[in-house]
Structure formats: C-alpha cells, structure tokens
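For clarity, every value in this text was computed on a predicted model and none was experimentally measured. Numbered from 1 within each chain, the chains take letters A, B, ... in sequence-line order.
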Amino acid sequence: MGGGSTGRPPADENELIRNRRGKLARLRERGEDPFSITGYSRTHLAAEVRDSFGTLEGATVRVAGRLMARRRHGKATFADLRDGSGTIQLLFRVDQLGEERYRGLDDLDDGDIVGAEGEVMKTRAGEITVAAAGLSLLAKALRPLPEKWHGLRDVELRYRRRYLDLIANEETRRAFEVRSRLIASIRRFLDERGFLEVETPMMQSVAGGALARPFVTHHNALDIDLHLRIATELHLKRLVVGGMERVYEIGRVFRNEGVSTQHNPEYTLLEAYQAYADYRDIMELTESMVARAAEEVLGTPKVTYQGQEVDFTPPWHRVAWTEAVTARTDLTPEELQSKEAARQACERLGLPADPELHLSTMVDNIFERFVQPTLIAPAFVTDYPTPVSPLAKAHGDRPELAQRFEPFAGGMELGNAFSELNDPDEQRRRFEEQARSRAAGDEEAHPMDDDFLLALEYAMPPTGGLGIGIDRLVMLLTDSASIRDVILFPQMRPESKQPTPPADQTGSEA
RNA sequence: GAGCCGUUAGCUCAGUUGGCAGAGCACCGGACUUUUAAUCCGGGUGUCCUGGGUUCGAAUCCCAGACGGCUCACCA
C-alpha cells in the first residue's frame, strides 16, 4: 500500500498518542525513520538465547521483537523484549551505548518493535540478558499497549482487536497455538491412514450435505445466485465415486443461523470419507484421531473442561439414541415415534409443544435438554431416527434407524457420522421427502440435488463418513467456554458510528 | 428474535442517598548503573456509550437507541 508521510492523525488522538507521535517526529528529524527499515537479521530467538545460555554466554547475538516493559535506573535500563518464542531481557548501559545513543532510549515506548545486538550475560539476579551494544527501532507503536498486569479483559475489545488480545494475554496465544497444533495433528493422522486432503467449492448452486440455512451471494458475470457451502459432504462423496477412496477436507463452512457460545456463522469443519468402511469403522477412526491429537498437543488424553474431566482414551462409550433418551427421561421408545405422544411428552417436560413442531424437532429438543448435558465423557450416540438422517444408510433390519452416530464430549455435540447412503433411488426418495418438509416451511430441510444423485448412479462404494467441528474440539482442549475464544476473528456486528437518531421528530411522521 | 446484566482515563476497575470525576498500571517531569509488577518525589490526562427527559443540580433517576456478555429459542 502506498501513502505519503502526511497521514492524518486519527480522530481519537489523546495525550499518549501525541507523545508517541512527537517521538516519531523527532526520530524522523534525525533521519531515523523506523518505518524506512526493511529488515533485521536475527541470530537467535528469545527462547533460544535462554535455552542455550550455557553455550551462548559471552557470545554476541541479535534479537528482535516487541518491547513489553522498561525499567529505567538512571544510567542503566532494563527492558523486556518479546518475540514469537518468548521473552528475553535487554540491558542498556550508558557506558556501553554512549551518552547520545543512551539518550535515544527516551524515544522508545512499550510496544515498539526493536532489534538489539549484544553479549549474552546473566545479571546479579540471575536473569539471562542481552547487554545491548546496538539498538534499532524497527517500528514505532503509536498507541499504548493494554495494561501489563491485568492484560486485556474487555471481551469486545479482545474479539474486535484480537492482535491486542494476543499481545496482552498469554492464554489467548496458547489457545490458538493449540488450535494450530490440533489441526496439524489431525492432518498427520489422516495422511498416515492414506487419506488425501482435497478442496471443494465454497460457492455452490445447491447448498447441501447438512440441514441448515445457507448464505446467498451473487455471481455477476454468470448472473446467478450462489450459496456459501454449509458442508463439504456431497462433493467429497462425488470424489469417492471417482475413486478417491479416502478423502478429507478441513475447511470453513457457513451457516446462516444465530450466534452463541457454541455457534459462529462460519466455522471449521473436518469431513473425512473412507470407502469400504461403515459407521463402526468411523467410530474407531474418530476416537483414535481425537485421543492422539490430545496426546500430541497436550501430552495427555485427559483434559479438564469447565471443571469436569474428559478422558479421550478409546474406546469411548457407545449408546443408542433411543436408549440414551429413555434412560434420562420417563419416556418410552413408542412415545418418541408418535408425533402426538411426543408433543404431550414435551408439554409435560416443559419443552416447546406447539402442534406445528415436527416430531424430529420435538424429540431433538428432548435429547438436547435431558441427554446432551450429561454426555461429559466422550460418547458416541448411535442409531438416530432415519427421517432426520437423509444422507445416511438405514439399518437393514430396522429401517427406521440410521447407521449413524454423533460424538459428544463435555456436553457438546462434536460432529456427525454415518454409513453413507449410496443407493441412488433411495437417496432420491429421501430428498423428495425433504423437499416436502421444505415445501411445508422447513427452511433447513435438505434441498434436492440432481447432480449428486447422478454421481451416485455411477455407484459409490459402501463408505463411512465423518464430520467434526474443529472449533468445539479446540474448546475442549483449551477449556474455553465460548467458541469465540477459539476463533481468531469471531463474527461481530460492525462497530456503528452511532448516527444520532433524529431525536424528537417534531413535525415529521416516521 | 426474547429476557437479564454491562458500557466511567490508553488499560484494569472504584464511584455511597442525585451535590466539584477517583485509584492502580501506563504516561509526563525529576532522582537513581543489576532491575524484573523496580523504587522514590511531583503531575489527572475524561464525549462517565449515544440522544432525549426529570431536576436548582444527573456517571447516578426515567425513556429510546448502539454495542457487548450470559440465558433461552434455532443450529454444529
């Protein structure tokens, strides 16, 4: 980006910013514009200096990072420098830098990006330190950092200005490191099992593969509306038809639904498909993958989530959906199959019991209220009703039940998996059934997808498929109560300039 | 979408019954060559979220709005 040297100061200028801009102006007058510097060759990271003190003592190193604190003592000044690896202390002494360059420290502020060159030493107090003989200001921070002791607590600021959250809060840095390492671990696991990572379209004419409302956008040149994907499922299964027998994608999907501590409109979904496998094989894959990821990222398969222990060590508990509900309520399996009985049950249990509600919605509410919160230890809930599983193969002997499971842990739903329905005619019937729900007003019913049906007609091998919400898994591994704490830039309303509403519109009707 | 709660200095937070706007850190000035939440002396830097209203007087009470958090509803 271009831009001259006459940038306008922001409107929210205050004394602190004026001071820093004044220092920048002085530096420029001396011909030391920090923003003209294009690089700084480091020899060591902060952590390397500290870890290798034994061999580095007395050696000259070059380090660079953000100035986090300064402690001035007249003719000596200590500073904490933080880079991506950690923190290292710098020592500036007037007898080492000379009067003039020592005075130059006056133009430094906490938050500035600096490079320092000097000998590695240890102070009287035992702190490993770089005694700086050279100092370069590499970028000037024009705004003060959040307070160093309490960090940045304001959640709105933490989300809107995540960079400040990352600078100020160690636990935030850690959470996103865990997130990155978790995804890397999952990739390694799947790669080792022979899966290919692929990328499928985010913009789709038909947004299928899940039951959710899509975002709509428009392609100008083609003059067509497109939907942002709500899942990767149907494209990945096309690839299985094409002979890619083990494929996965880790990518963002977009669902036009509300936000909550467990929902962000865009979130990261892992989907994996394995030919010649069924949902039982996928259970094994799921528990092995998650347990190993926890082990690799945290060093243990056991985590504490919101005060409760969650142990990912396989095998996870398995319980059929109907049994899970009947065990936690006084309902019978029959009451879960008749709309009127379920409605009366909901009424009795204090759940929404509107006659308009679908059977599937009501029984789902019952499950969510009475079963899901109890699923703290990792568990697979299996054999969901077929009508709410339009893409899953049914049991041969129990056509009303799908070969499907959902993994739960910490009281959260982590994903969805099944033996993929590969009978094109049956899939068409399921889509038609969904189309009827849609016509009846269910905006989340699965849309008809003729192109996908065409692919199935060329034969897809029996296949097991899995979807895992990566964000929720990260929540578990980082003990985060809100999904926003594991998404770098969670969805927020734009900050409005608050266009003052025309107050007291005398003489004007709204 | 509904209910409850919150918004005060750059940051973290106090603010009593409606009566001059407060503290710590940061910052500014001064002292200090081994500190590490450095210390010591001096200095308060503000659209009390916004707009109305009540009142002699509003950060405080009332109304409306903005943004956020939590809970519920819908979803993963």
Exercise. Using the C1' atom in both, what is the distance from rG19(B) to rC61(B), to the nearest Å?
Worked result: 14 Å
For this session: Decide side-chain contact (heavy atoms from CB on, under 4.5 Å) for Ile167(A) and Met68(A); before the verdict, give the C-alpha distance in whole Å, the side-chain angles of both, and the deciding distance to 0.1 Å.
Result: CA-CA 9 Å; Ile167(A) 290 169; Met68(A) 297 305 293; 3.9 Å; yes
For this session: Nearest 0.5 Å please: distance from the CG atom of Leu473(A) over to the OG1 atom of Thr268(A).
Result: 11.5 Å
For this session: Would you tell me if any nitrogen or oxygen in the side chain of Asn365(A) comes within less than 4.0 Å of OP1 or OP2 on rC74(B)?
Result: yes
Problem set entry | Distance, rounded to the nearest Å, where Ile17(A) contributes CD1 and rG46(B) contributes P | 12 Å
For this session: May I ask you to check if Arg404(A) and Tyr384(A) form a cation-pi contact, with NZ or CZ under 6.0 angstrom from the six-membered ring centre and within 45° of the axis?
Result: yes
For this session: Can you tell me the pairing partner of rA2(B) across any strand shown, Watson-Crick or G-U wobble, with both distances under 3.5 angstrom?
Result: rU71(B)
For this session: Examine the base of rU35(B) for any acceptor or donor lying under 3.5 Å from a partner atom in the side chain of Gln89(A), and report the outcome as yes or no.
Result: yes
For this session: Would you mind reading off the distance between Arg71(A) atom CZ and rU39(B) atom C1', rounded to a whole angstrom?
Result: 13 Å
Exercise. Atom CG of Asp106(A) to atom P of rC32(B): distance rounded to whole Å?
Worked result: 14 Å
For this session: Using the P atom as the reference point in each nucleotide, state the distance between rA66(B) and rC28(B) in Å, no decimals.
Result: 40 Å
Exercise. To the nearest angstrom, how far is Asp165(A) atom CG from rG68(B) atom P?
Worked result: 16 Å
Exercise. Would one find a side-chain N or O of Lys23(A) under 4.0 angstrom from OP1 or OP2 of rC28(B)?
Worked result: yes
Problem set entry | Verify stack between Phe78(A) ring and rA38(B) base, 5.5 Å, 30 degrees | no
Exercise. Any Lys/Arg nitrogen of Asp95(A) or Lys75(A) sitting under 4.0 Å from an Asp/Glu carboxylate oxygen of the other?
Worked result: no
Problem set entry | Test log, rule side-chain contact (heavy atoms from CB on, under 4.5 Å), inputs Arg318(A) and Glu287(A) | CA-CA 11 Å; Arg318(A) 285 144 165 84; Glu287(A) 60 195 6; 3.3 Å; yes
Problem set entry | Complement of rU45(B), any strand, by Watson-Crick or G-U distances under 3.5 angstrom | rA26(B)
Exercise. Taking any strand in view, what nucleotide pairs with rG51(B) in a Watson-Crick or G-U wobble way, both distances under 3.5 Å?
Worked result: rC63(B)
Exercise. What is the pairing partner of rA21(B), taking Watson-Crick or G-U wobble pairs with both distances under 3.5 Å in any strand?
Worked result: none
Exercise. According to a strict under-4.0 Å criterion, is Arg143(A) in side-chain N/O contact with OP1 or OP2 of rA26(B)?
Worked result: no
Exercise. What is the distance from CD of Glu444(A) to C1' of rA76(B), rounded to the nearest Å?
Worked result: 11 Å
Problem set entry | Whole-Å C1' distance, rU34(B) and rC27(B) | 25 Å
For this session: Determine the Euclidean distance between corresponding C1' atoms of rA31(B) and rA38(B); express it in Å to zero decimal places.
Result: 14 Å
Exercise. Below 4.0 angstrom, N of the basic side chain to O of the carboxylate: do Glu266(A) and Arg229(A) qualify?
Worked result: no
Exercise. Just by distance, do the side chain of Glu420(A) and the backbone of Lys393(A) share a donor-acceptor pair under 3.5 Å?
Worked result: no
Exercise. Just by protein heavy atoms under 4.0 Å, how would nucleotides 5-11 of chain B read 5' to 3' in B, S and -?
Worked result: -----BB
Problem set entry | Minimum heavy-atom distance Ala141(A)-Asp112(A), with the two atoms named | N-OD1, 2.9 Å
For this session: Enumerate the residues from residues 470-479 of chain A whose closest heavy atom to RNA chain B is under 4.0 Å, giving them by residue number; use none for an empty result.
Result: Arg472(A)
Exercise. Is the closest side-chain donor-acceptor distance between Thr77(A) and Tyr102(A) under 3.5 Å?
Worked result: yes
For this session: For rG44(B) versus rC25(B), give the span between their P atoms, rounded off to a whole number of Å.
Result: 15 Å
Exercise. Counting side-chain heavy atoms from C-beta on, which of rG69(B), rU35(B), rC28(B) comes nearest to Val155(A)?
Worked result: rG69(B)
Problem set entry | Whole-angstrom distance between rG6(B) and rG53(B), as gauged at atom P | 25 Å
Problem set entry | Proximal nucleotide (of rA38(B), rA37(B), rC28(B)) relative to the Trp149(A) side chain | rA37(B)
Exercise. Taking any strand in view, what nucleotide pairs with rC32(B) in a Watson-Crick or G-U wobble way, both distances under 3.5 Å?
Worked result: none
Exercise. Got a sec: does the CZ of Arg348(A) have more than 12 other heavy atoms crowding it under 6.0 Å?
Worked result: yes
For this session: Tell whether Arg72(A) reaches the base of rU35(B) with its side chain through a donor-acceptor pair below 3.5 angstrom.
Result: no
Problem set entry | Short side-chain N/O contact to rC27(B) OP1/OP2 from Arg70(A), under 4.0 Å | yes
For this session: Quote, to the nearest angstrom, the P distance that separates rA59(B) from rC48(B).
Result: 8 Å
For this session: Grab the NE2-C1' distance between His73(A) and rU39(B) for me, whole Å please.
Result: 8 Å
For this session: Indicate whether OP1 or OP2 belonging to rC70(B) is found under 4.0 Å from a side-chain N or O atom of Arg484(A).
Result: yes
Exercise. Between the side chain of Arg179(A) and the main-chain N/O of Val486(A), is any donor-acceptor distance below 3.5 Å?
Worked result: yes
Problem set entry | Atom C1', compared across rG22(B) and rU8(B): separation rounded to whole Å | 10 Å
Exercise. Does the distance from a Lys or Arg side-chain N to an Asp or Glu carboxylate O, for Lys23(A) and Asp107(A), drop under 4.0 Å?
Worked result: no
